[in-house]
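Working notes for the structure below.
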Amino acid sequence: MNSKTQNKIAIGGLYGIAGLVVLILLALLGYILASGVPQLSWHFLTAPGKAFLKGGGVGIQLYNSFYLLILAMLISFPIALGAAIYLYEYAKDNWVTTTIRTAIEILSSLPSVVVGLFGFLFFVVKLHLGFSILSGAFALTFFNLPLLTRSIEDSLRTISDVQREGGLALGLSRWETVTRVILPAAVPSILTGVILSAGRVFGEAAALIYTAGQSAPALDFTDWNPFNISSPLNPMRPAETLAVHIWKINSEGIMPDAKAISSGSSAVLVIAILLFNFAARYLGKRLYKRLTSA
Amino acid sequence: MKEEILTTQDLHLYYGDKEALKGINLNFDEKGITALIGPSGCGKSTYLRTLNRMNDLIPNVTITGTIKFKGDDLYAPSADTVQIRKEIGMVFQQPNPFPFSIYDNVIYGLRIAGEKDKEKLDAVVEKSLRQAAVWDEVKDHLHESALALSGGQQQRVCIARVLAVSPEIILLDEPTSALDPVSSSQIEATLLNLRHDYTIIIVTHNLQQASRIADRTAFFMNGELIEVDQTKNIFMNPANKQTEDYISGRFG
Ligand SMILES: Nc1ncnc2c1ncn2[C@@H]1O[C@H](COP(=O)(O)OP(=O)(O)O)[C@@H](O)[C@H]1O
Ligand SMILES: [Mg+2]
């Protein structure tokens, strides 16, 4: 067999494998959307759930998912940004840096169930935060931090060193070069990373089951005082998210339309995550264009 | 007699154990252009980068000897690298404008230093771009991205960016080697305009370029300064055999 035929066979094999992956993905997406989208309605998206009767919605779970996402991002983004800047722009190549990097590596490969159980023992039990949005947000921070740090570090790496030299040679300090030259140039790519990680956080269930809890008490959307128990803003209330909801209905749902609600919720989750991904691409590209051309 | 603005005495630089500069003694008068020439790897860039302390950024570099800028030791513990780099600007081989507008590129140094007066900034932008001989080409797109310009225009915007912080010395490391001949000669013309107002030190591997623009030329080889003299003498009547061989193209 000559090398040309070998090459052809290899390429054919690779195409086949890639095609198979795409096919599986499409089948999965198609199934979820086909069985879920017919369940969707304004009522389904906004109404509170019902435990025993049919006709409940996922309004509260959907709201909880976004609220948790925002809180988790508010906590993890500044930390991840600081850590990434330190690691990439300042840290010397010594054993401390290597240790930090290894720790991040290990943290990022930790199964989210383990993060969830740690969150339960530490935030819920030890710190007496109970099953609450806050416990959930901290658990999500642990889950998100290593991935986000690495993604921001990668964004900084894409900015060429000639930019750093340019800044320093102009008499900017190290800090000014980082904050006024490197970060603005890296914004599009950082933004993309943030949105993609938001998608991951949004779909996370295992880290939340024992931290944010599995109940979605009714919310009063006219009460925005965060200290009231039924206020949507109260960070100390338990808050089941959409992903946790899907898990729960499928394991112990007793409402007559459990199957339909689960399908509908899955479709909402998948669509939301797809939207995050498209938004990431679109905004990243737009911003990059804005910064680099007319 | 002219003042010496920058002096180097017995300058050694080591990358780890490797000695890249082996005792350089070289002084620069105020104003005018000095070209640094020599075969690649002989330490021209290394030497240039010691003059505004850009080598500080590289780990494991050891520097001994003395460099004085207007009488002050550049490497004194109290020396302020940020201030030094404002007074001794640098232009690189690869044009490296920031990914912002032309206007923002030019005033970046000043704006970060806290200058807010719009009229003053506008004036500095125009003056610097004129000095860098690129004003006519970019004056109608000041607020478009500098990355949209040609390589030669980008390089002149980078020169304008350095001029805007009013340095006394401008270091250039092969500023035309990434450019086409037309852009190169525009940069040369720009430098010839600037030589009356600034002390310019340029590394070039292009001997014709050195002979066209430099008042003085220094020949480096293997980390040593072999000879420095008026450009005319270096090219017509070099004192050293190695210089003569290099100039006549026998090696390097
Ligand atoms: N960052 C560095 N680390 C180690 N060695 C270096 C570094 N930069 C340059 N060198 C070495 O120092 C010598 C001089 O390099 P350089 O100053 O770049 O030469 P030139 O600019 O004349 O071509 C070369 O042998 C080069 O390999
Ligand atoms: Mg060089």
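Proteins come first, then strands; the chains are lettered A, B, ... in the order of their sequence lines, and each starts at number 1.
- Contact detail for B/Gly109 and A/Leu172: the closest heavy-atom pair is CA-CD2, 4.3 Å.
- Atom CZ of A/Phe142 is surrounded by 12 or fewer heavy atoms from other residues, nucleotides or ligands within 6.0 Å.
- Within a 6.0 Å radius of NZ in A/Lys285, other residues, nucleotides and ligands contribute 12 heavy atoms or fewer.
- Here the closest non-hydrogen pair linking A/Glu165 and B/Phe92 is OE1-CE2, 3.3 Å.
- Expressed to the nearest 0.5 Å, how far CD1 of B/Ile112 lies from CZ of A/Arg180 amounts to 4.5 Å.
- Around atom CG of B/Asp117, more than 12 heavy atoms belonging to other residues, nucleotides or ligands sit under 6.0 Å away.
- Contact of B/Pro97 with chain A is made through the backbone alone, with heavy-atom distances under 4.5 Å.
- The two residues B/Asn52 and A/Ala169 make their nearest non-hydrogen contact at ND2-CB, 4.5 Å.
- B/Phe98 touches chain A through backbone and side chain together, each having a heavy atom under 4.5 Å away.
- When every heavy atom of A/Leu168 is checked against every heavy atom of B/Arg85, the shortest pair comes out as O-CD, 3.1 Å.
- The neighbour count for A/Tyr282 OH, taken as heavy atoms of other residues, nucleotides or ligands under 6.0 Å away, does not exceed 12.
- Within a 6.0 Å radius of CH2 in A/Trp175, no more than 12 heavy atoms belonging to other residues, nucleotides or ligands are found.
- To the nearest 0.5 Å, atoms CG (B/Leu57) and CZ (A/Arg174) are separated by 6.0 Å.
- Among all heavy-atom pairs drawn from B/Phe100 and A/Val181, the shortest one is CZ-O, 4.0 Å.
- Heavy atoms of other residues, nucleotides or ligands lying less than 6.0 angstrom from CZ of A/Arg281 number 12 at most.
- Residues of residues 159-177 of chain B lying under 4.5 angstrom from chain A, judged on non-hydrogen atoms, are B/Arg161, B/Val162, B/Val165 in numerical order.
- Environment of CG in A/Asn94: crowded, with over 12 heavy atoms of neighbouring residues, nucleotides or ligands closer than 6.0 Å.
- The structure places CG of A/Leu170 at 9.0 Å from CG of B/Asn105, a figure rounded to the nearest 0.5 Å.
- Both the backbone and the side chain of B/Met90 have a heavy atom closer than 4.5 Å to some heavy atom of chain A.
- Crowding of B/Gln83 atom CD: a count of heavy atoms from other residues, nucleotides or ligands under 6.0 Å exceeding 12.
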